[in-house]
Each structure stands twice: as C-alpha cells, then as structure tokens.
Amino acid sequence: MAEVKKNEEPRIGVFVCHCGTNIAGSIDVKAVMEYARTLPNVAIADDYQYMCSTPGQNKIAEAIAEQKLTGVVVAACSPRLHEPTFRNATKAGGLNPFRFEMANIREQNSWVHMHQPEEATAKAKDAVRIAVAKASLLEDLVPKSVPVEKAAMVVGGGVGGMQAALDLANAGIKTYLVEKSPTIGGRMSQLDKTFPTLDCSQCILTPKMVDVYRNEGIELLTYTEVEQVEGYIGNFDVTLRKKARGVITPAEAEARGIVGGGCTGCGDCVDVCPVIKPNPFELGMAPRKAIYIYHPQVSPLIYTVDFDACVKCGLCVEACGEKKAVDLEMKDELMTVKVGTVVLATGYDIFPIEKKFEWGYKNYDNVITSLEFERLICASGPTGGHLVRPSDGETPKKIAFVLCAGSRDSTGVGKPYCSRFCCMYSLKHAHQIIEKIPGAIPYIFYMDIRSFGKMYEEFYYRIQDEGAKFIRGRVANILEDPVTKNLHVNAEDTLLGRPIDMEVDMVVLAAAVQPTAETEKTRRLFGVSCSQDGWLLEAHPKLNPCGTTTAGVYLAGVCQGPKDIPDTVAQAEGAASAASIPIHRGEVELEPYFAQCMEEKCAGCGLCVNQCPYGALSLVEKDGRTVMQVTEAKCKGCGTCGGFCPGGAIWMQHFATPQIVAQIDAFLLGGEQ
Amino acid sequence: MADENWKPKIIAIICNWCSYAGADLAGGARIQYPPDIRAIRVMCTGRIDPLFILKAFQDGADGVLVSGCHFGDCHYLEGNFKAAKRMFLLKSVLKNIGLDDKRLRMTFVSASEGAKWGMVMEDVIKTINELGPSPLKEFAR
C-alpha cells in the first residue's frame with residue numbers, strides 16, 4: 001500500500017509549455033502562468049519554450065529541490081504523449097513520480113480552438129486550476145513489478161507471423177505459432193511471383209515455412225483458433241481450440257500407441273475419397289477432396305478432413321491401413337497456454353468486388369480478380385500456368401487491368417483507403433502476360449501509379465518499355481458481348497480528355513483488401529482497438545507502429561493496415577523485437593492504479609465483488625467483521641468498483657474520489673464565477 | 001435567459017483509452033470545435049460514481065458529458081456497460097429532481113474517432129445552449 005504523507009501542506013509547481021507556437025500560437029502562455037501563481041497551493045509557476053527538452057525538465061527537478069514541492073503540474077500536450085517524460089523529471093527531482101499531473105492544453109485546447117485565443121486561454125487557465133487541485137491531493141505510489149512468462153504467441157501464420165515467430169524463437173523464447181488454416185504460408189503462398197524482383201513467391205517462402213516447422217523453439221499449432229484470453233502483459237492465459245483435423249501426426253500416433261503410424265503425407269486417402277469440393281486455396285477454380293492438403297508445399301504435411309463435406313464412408317481409413325492416421329471420430333480439443341507477450345499477424349481478406357456491380361465480377365465469366373489471376377498464371381495453379389479465359393479456355397490477347405478496384409473509393413460501396421500493393425502487382429501481371437503470351441497487350445486503367453518502394457519506380461519504367469499500355473482513368477462500367485464473351489471497358493482517358501470503349505478478351509480487377517472477417521473477434525479477445533476502416537490500431541502511428549494500447553500485444557503485417565511483403569516482414573521483425581523486450585527483462589512494471597479497501601468504511605456488503613470483471617475482489621473475515629480485500633495482481637485499475645461502492649469505502653489509487661471531486665469543484669467553484 | 005454573457009459550464013468525464021485518445025486525435029487533426037467543455041480523465045467510465053455527476057450539478061454545472069469506449073471495446077471488458085447502466089438510472093433521478101435529463105449525456109467515441117469527438121462537442125454545447133443555465137446554479141457553493 002502506498003505511503004500517504006499526512007498533514008502536509010501542498011506546495012505545487014506549475015510549468016506551462018509554449019511548445020513553440022503549437023500552444024503559444026493560440027494561448028497566452030504568460031497569462032496562464034501568471035494566473036497559476038494566484039492559485040491556492042501553488043509555490044512556483046514558470047513557463048518555457050519546450051518543457052520536454054532537457055532544460056525544461058531540469059526546471060522541474062530544480063524547482064522540486066528549491067521550493068520543496070509536493071506536486072508538479074505541467075500544462076502542455078496530452079498525458080498520453082508526455083506523462084512518462086515528466087514523471088521521470090519529477091522522479092529526477094526527488095519526488096515520487098506519481099505526484100505529477102498534466103494539464104492538456106494542446107491536443108484538447110490550442111489545436112482545436114486555433115482561432116479563439118481568448119476562450120482558449122480561459123480554458124487553459126481552467127485546466128491548470130483543475131490539475132493543481134488534483135496535484136494537491138496526489139500521494140506516493142509504487143509501481144508493482146510482475147514476472148513475465150518466458151514464452152510468446154504469434155497469431156497468424158502468414159509471412160509476417162512466420163517471421164515474428166522465427167525471430168522470437170531465435171532469440172531464445174518459446175513461441176506458439178497459431179494458425180487457423182491447416183498450413184502456414186498465408187496469402188503469400190497463393191502468389192506466383194513477387195514484385196519488383198520477380199522472385200518466385202513459393203521459392204522464397206517455402207524455406208521459411210520449413211524453418212518454422214523445424215525450429216525447436218516454435219510450437220506450431222495449425223488448424224487452431226484462439227478461444228479465450230485472460231490476464232495481462234507477462235501473464236496471458238490463452239485458451240486455444242485445436243479443431244478436429246481427422247488425421248493424426250506420427251507424434252500423436254505414438255502417443256496413442258500406434259507404432260510407426262500417423263500421417264506421412266502419402267496421399268493414398270485422397271485417391272479413394274469420393275467427395276469433391278471446390279478448393280479454396282485455388283479460389284474455387286480447382287477441385288479438392290473431403291480429405292485434402294492445400295498445395296504440395298504445405299507445412300506441416302498432414303492431411304485434413306473437411307468434416308462439413310465428409311460423408312464418413314471410411315474409404316480413407318481403409319486406404320491408410322496400418323498407419324491408422326485417419327480418425328473420423330476426432331473432436332475439437334481445448335488447450336491453455338501461458339505466454340508473456342502476443343504478436344497479432346492476422347492478415348487480410350479480399351474485398352468482395354462483386355459489390356461493385358458495374359464491373360460485372362461473378363456475372364461475366366471473363367472478369368476475374370488479381371488473386372485469381374495469380375493462380376491462373378502460376379505454374380502450380382489449376383491451369384499449370386496457362387492463362388485462359390474462363391468462358392472458353394482460349395488464351396486472351398488483350399487484357400484490361402482495373403486498378404483501385406474498390407480502393408480509394410468514397411462512393412460508400414468500396415474502401416476509402418489505398419490498398420498499397422495493387423499498382424505494383426498489376427505491373428507485375430502486365431510483365432507476366434508480355435513474357436508468357438506472345439503478342440498479348442496489357443491495358444492498365446489507373447488513377448495514379450503508386451510505385452513508392454525501393455526499385456519500384458524503376459520496375460514501372462521497365463513495364464512501360466516492355467509495351468504495356470497505361471490509360472489514366474477509372475473504369476465506369478464493363479459490358480459483356482453475350483456471343484463472344486468479350487468485354488467492353490468504358491472509361492474516360494483523363495489525359496486525352498476523351499471517352500474510351502475498348503473491347504478486351506479479359507478483365508482483371510485489382511480488388512481492394514479489407515480486414516479479415518475474424519478481425520473483430522480477435523481484437524476483442526485481445527482488447528485491441530481498431531481504426532475507422534477496421535484495421536487494428538497501433539499505439540502510435542509514427543512512434544509505436546508495432547504496439548497496441550494493450551500492453552504486451554503487438555501488431556505485424558496487413559492486419560494493422562495494407563502493406564506489401566517487405567513492409568510486412570519489417571514490421572514483423574519490429575513486433576517480434578518489441579515482444580521480446582519484456583520477456584528478456586523478466587519483469588514488467590504495472591501502473592499502480594489499484595483499488596484499496598478502506599476497511600474502516602467498508603460494510604462488507606460485497607456489491608463491489610460482482611462489479612469487478614477480473615475477480616480481483618473478495619470478502620474476507622478480519623477482526624471479527626467482513627471486509628472486502630483486493631488481490632492486487634488481478635486488479636487492472638479500471639475503478640469500476642470505486643464507482644459503485646455505496647459507502648465510498650474504495651480508494652482508487654491516483655483516481656481517488658477526493659481527487660476527482662477536487663477536480664470537479666476546482667472547475668465549477670474555483671475561478672471566476 | 002437572464003444573462004446575455006452567459007457561457008455554459010460543461011464538464012466531461014472521459015475514459016483514457018477511447019474518448020480521451022479520440023479527443024487527442026481531434027487535436028492532431030486540428031478539428032475545430034467550441035471551447036466550452038473541460039475534460040477530466042479517468043481510466044474507465046466505470047470509475048464514474050453517479051455522485052460525481054450529482055456533485056457537478058450541485059456545483060452549478062450546466063451539463064455533464066460522460067464518454068467512453070463503444071460497447072464491446074472497453075479496455076476493461078465491461079466498465080462502459082456498467083457506466084451506461086448507472087447513467088441511465090441517474091437520468092431518471094435528474095428528471096425526478098426537476099432537472100432536464102438532456103443535461104447529462106453519455107457518448108461512445110473510440111480512439112480513432114477524432115472527427116466524431118468534434119461532432120459530439122458541437123452537439124453537446126448546442127444542446128446545453130438551448131437549455132440555458134442550470135436552474136441549480138443559484139444554489140451552487
């Protein structure tokens with residue numbers, strides 16, 4: 001429990017920041033500083049150009065020593081930005097860091113009242129008065145250190161998740177890699193080539209998949225989903241659902257006492273399976289059986305039974321024979337693991353581009369998406385790498401690419417953001433057509449070509465030189481010739497200022513990307529916010545792009561916002577590094593915003609016990625009466641109990657009732673009436 | 001309205017994780033809104049004892065805004081649900097003591113909704129301006 005210094009006269013130092021002209025541009029900083037000097041309990045008030053600078057921070061430390069301050073107020077930016085800085089400055093001056101209070105006169109004042117200097121100055125004075133009232137009642141608090149479990153979890157087994165898992169494991173941390181589908185690899189394994197180097201996607205991905213599979217520090221949990229998350233940084237208890245795969249691994253077979261059994265990936269079961277379904281990996285363009293693997297390079301190489309399709313005829317069980325790998329009675333299993341930190345790398349989905357009905361996707365046979373194009377042009381794809389028209393199997397010669405299909409679209413049907421990698425992969429597609437189909441011409445309908453990365457612009461020039469045609473204009477609509485199944489692309493060429501009606505053999509829509517359907521569930525499980533477009537929200541867009549507002553949870557890849565493979569891998573390495581820091585430190589400090597029971601006031605009614613979402617409160621017998629007791633390790637400091645206690649017997653550290661009431665009184669009763 | 005120079009005194013008690021962050025975002029985006037609201041930060045709207053709000057009205061506040069995370073988004077799982085329940089009850093108390101319950105408002109603004117924060121500010125201030133000074137003002141202190 002924190003020490004409360006009794007009977008002390010508050011002596012508060014107030015420091016008002018100019019922040020260059022950020023604050024001083026609309027607030028009369030000198031007037032606010034002069035006003036602070038008139039407030040009760042204020043021993044010293046000062047102002048400075050940049051309080052966060054070293055001289056600014058030194059002012060605080062010096063004033064604490066000279067004036068024997070009991071509390072510090074800095075009126076500057078948001079406490080969400082610089083509270084840690086000034087707490088450290090307060091500590092450097094020899095005062096407990098929690099005797100610091102911040103008045104936000106920038107984000108919530110000077111920046112939002114830029115043209116009302118008088119009102120902004122009055123509001124800043126109020127803010128300082130409110131902060132001084134709270135600072136006068138602040139007490140010494142000691143952060144609580146908790147040990148960190150030396151294990152991490154990565155959710156999502158795409159290229160980002162794999163990189164994060166490899167980095168964590170190679171840093172000596174036991175890592176659970178959780179992937180909902182039967183194999184790792186993610187979207188990248190569906191791609192044919194990667195821009196701008198034209199590396200074969202699988203060729204650079206599969207070594208990583210093998211690394212992940214072989215790495216002893218990684219426990220690979222494919223076909224597994226996160227069910228429940230409890231705890232906090234350092235101590236997350238994650239419940240996982242291992243979905244019934246219908247097939248056991250050699251290790252599981254050994255556990256069942258089947259010698260030399262388990263799936264070896266021979267594929268005998270597939271040959272006999274009578275059920276045929278569309279293969280989602282090939283986007284429905286190829287068949288698959290009810291027992292399947294996605295593609296030959298899957299990792300782990302274990303077959304999976306699609307129980308929604310399986311008729312349980314048992315032919316696969318027979319074909320498997322003595323290996324006894326197929327178990328059609330398998331049930332989902334729940335398991336709980338304890339980890340210190342979590343990296344979310346849950347990827348993206350393709351925007352359902354059929355919603356843009358004017359382009360006729362799903363109505364016209366020869367309108368396909370870019371991902372379908374990837375599979376059709378890929379040597380291991382359903383056509384063996386021969387690009388064909390779905391309507392008649394002919395090789396297309398004239399192909400239109402529609403960029404920003406659903407991206408940069410403010411009509412309400414599409415997405416307002418740029419999906420970032422469509423320009424580049426469409427350039428790559430143009431190159432592949434020119435390379436593979438003699439005489440074929442790609443026509444690229446674009447709004448802007450965004451070739452922003454290293455060697456990207458050079459790639460763009462190369463594709464121009466190779467003979468791709470670029471038409472600057474958004475496609476208004478596409479109409480199908482019902483006889484030839486050719487397509488008429490209608491657009492305006494905005495550079496020439498004239499309408500175009502172009503007949504082509506095939507149209508490829510560079511469809512936007514969007515958060516996965518499970519993103520909402522995932523972010524609620526881990527307590528992560530999302531931005532307005534649904535992507536997971538980073539802690540700070542520039543200075544903390546891998547972190548989240550939930551300590552111990554980090555982001556990697558497209559789940560945080562559209563990005564290409566190099567950026568995804570870079571962010572994954574950043575997230576892995578960030579996630580390893582608390583684990584290597586071995587302990588984390590929790591802000592000491594705990595509830596405390598003031599036993600002399602507690603009537604032992606127990607109403608607060610049910611209010612706590614974490615089960616941190618309980619009733620105990622003490623000195624012959626029933627009182628509430630707080631388990632500090634479970635308390636997260638929300639204060640919900642304190643807002644409910646009818647006797648006012650709960651002291652919420654740093655947000656105690658007298659402190660909040662003092663703020664309310666200071667605003668409404670202090671100052672000019 | 002008695003006083004032409006009357007400016008509403010409105011207090012906002014907002015949660016650290018969503019609404020306070022949303023208000024900061026509005027600042028970063030330089031979204032301009034009227035300056036009549038003073039904000040107090042708590043970690044969660046669940047912390048807000050209804051007595052705080054009654055105290056604010058007793059002190060002469062013309063309006064009180066409570067703003068937290070969207071349902072399901074609470075950093076502490078369900079603090080905002082509990083706050084909403086309390087505010088709902090409190091509104092009926094306010095009506096019973098003859099105070100227009102529009103003077104108490106609960107909104108849900110996420111960390112990414114800077115523009116929405118600006119709209120909430122506009123709207124709350126407009127509502128209180130229409131209602132005029134709180135009838136409890138003269139009893140304040």
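Just so we're on the same page: letters track the sequence lines, and every chain starts at 1. In this text the structure is predicted, and so the values were computed from the model without any measurement.
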Part of A:L537 lying under 4.5 Å from any heavy atom of chain B: side chain
So for B:A39, is it side chain, backbone, both, or neither that comes closer than 4.5 Å to the heavy atoms of chain A? side chain
Write down the atom of A:M114, the atom of B:Q32, and the distance for their closest heavy-atom approach. N-OE1, 2.8 Å
CZ (B:F71) with more than 12 external heavy atoms under 6.0 Å: yes
Please round to the nearest 0.5 Å and tell me the distance separating atom OH of A:Y593 and atom CG of B:N16. 7.5 Å
Among B:H75, B:E78, B:K116, B:E113, which residue forms the greatest number of heavy-atom pairs with chain A at distances under 4.5 Å? B:H75
Please report the interatomic distance CG(A:D665) to CG(B:D59), rounded to the nearest 0.5 Å. 4.5 Å
Pick whichever of B:G72, B:A83, B:P50 has the most heavy-atom pairs under 4.5 Å with chain A. B:G72
Which atoms of A:C530 come close to chain B, meaning under 4.5 Å heavy atom to heavy atom: side chain ones, backbone ones, both, or neither? backbone
With only heavy atoms counted, which part of B:A21 is less than 4.5 Å from chain A, the side chain, the backbone, both or neither? both
Under 4.5 Å from any heavy atom of chain B - which part of A:A656: backbone
Name the option with the most non-hydrogen atom pairs under 4.5 Å to chain A; the candidates are B:K82, B:K7, B:H70, B:R38. B:R38
In sequence, state the C-alpha distance, the side-chain angles, and the governing distance for B:D24 and A:L81, and then conclude on side chain to side chain contact (heavy atoms under 4.5 Å, CB included). CA-CA 10 Å; B:D24 279 354; A:L81 195 64; over 6 Å; no
For chain A, the option from B:R86, B:M121, B:M43 that forms the most heavy-atom pairs under 4.5 Å: B:R86
Flag the one option from A:E107, A:R80, A:K134 with the top tally of heavy-atom pairs under 4.5 Å to chain B. A:R80
Any chance you could lay out the side chain to side chain contact (heavy atoms under 4.5 Å, CB included) test for B:Y20 and A:N104, step after step, and finish with the verdict? CA-CA 10 Å; B:Y20 201 91; A:N104 183 340; 3.2 Å; yes
Chain B interface, residue from A:H654, A:R106, A:Q663, A:H115 that has the most non-hydrogen pairs under 4.5 Å: A:Q663
Where is the tightest heavy-atom contact between B:C44 and A:C638, given as atom of each residue plus distance? CB-O, 3.5 Å
Is it the side chain or the backbone of A:Q532 that comes within 4.5 Å of chain B heavy atoms, both, or neither? both
Closest-packed option against chain B by number of heavy-atom pairs under 4.5 Å, given A:R523, A:R524, A:E520, A:E119: A:R524
List the steps and the verdict of side chain to side chain contact (heavy atoms under 4.5 Å, CB included) for A:K636 and B:L77. CA-CA 11 Å; A:K636 292 201 186 182; B:L77 309 178; over 6 Å; no
Where does B:I37 contact chain A at under 4.5 Å (heavy atoms): side chain, backbone, both or neither? backbone
Bottom line for B:I31: the part with an atom under 4.5 Å from chain A's heavy atoms is backbone
Given that the side chain runs from C-beta out, which part of B:I53 has a heavy atom under 4.5 Å from chain A: side chain, backbone, both or neither? neither
Side chain to side chain, B:F52 and A:V661, heavy atoms closer than 4.5 Å: yes
Answer key: most heavy-atom pairs under 4.5 Å with chain A among B:A61, B:G79, B:S110 is B:A61
Go through B:Y76 and A:T640 one step at a time and tell me if the side chain to side chain contact (heavy atoms under 4.5 Å, CB included) criterion holds. CA-CA 9 Å; B:Y76 305 101; A:T640 303; 5.5 Å; no
Would B:D36 and A:K123 count as a salt bridge (charged side-chain N to carboxylate O under 4.0 Å, His left out) here? Give the steps. CA-CA 8 Å; B:D36 303 306; A:K123 184 171 171 177; over 6 Å; no
Is the closest basic N to carboxylate O distance between A:E101 and B:R41 below 4.0 Å? no
Looking only at heavy atoms and a cut-off of under 4.5 Å, which of A:C77, A:S529, A:S78, A:G527 has the most pairs with chain B? A:S78
CD/B:E122: more than 12 non-hydrogen atoms of other groups inside 6.0 Å: yes
Just by distance, with hydrogens left out, do A:T657 and B:R47 show a side-chain donor and acceptor under 3.5 Å apart? yes
Taking atom NZ of B:K55 and atom CD1 of A:I660, what is their separation to the nearest 0.5 Å? 13.5 Å
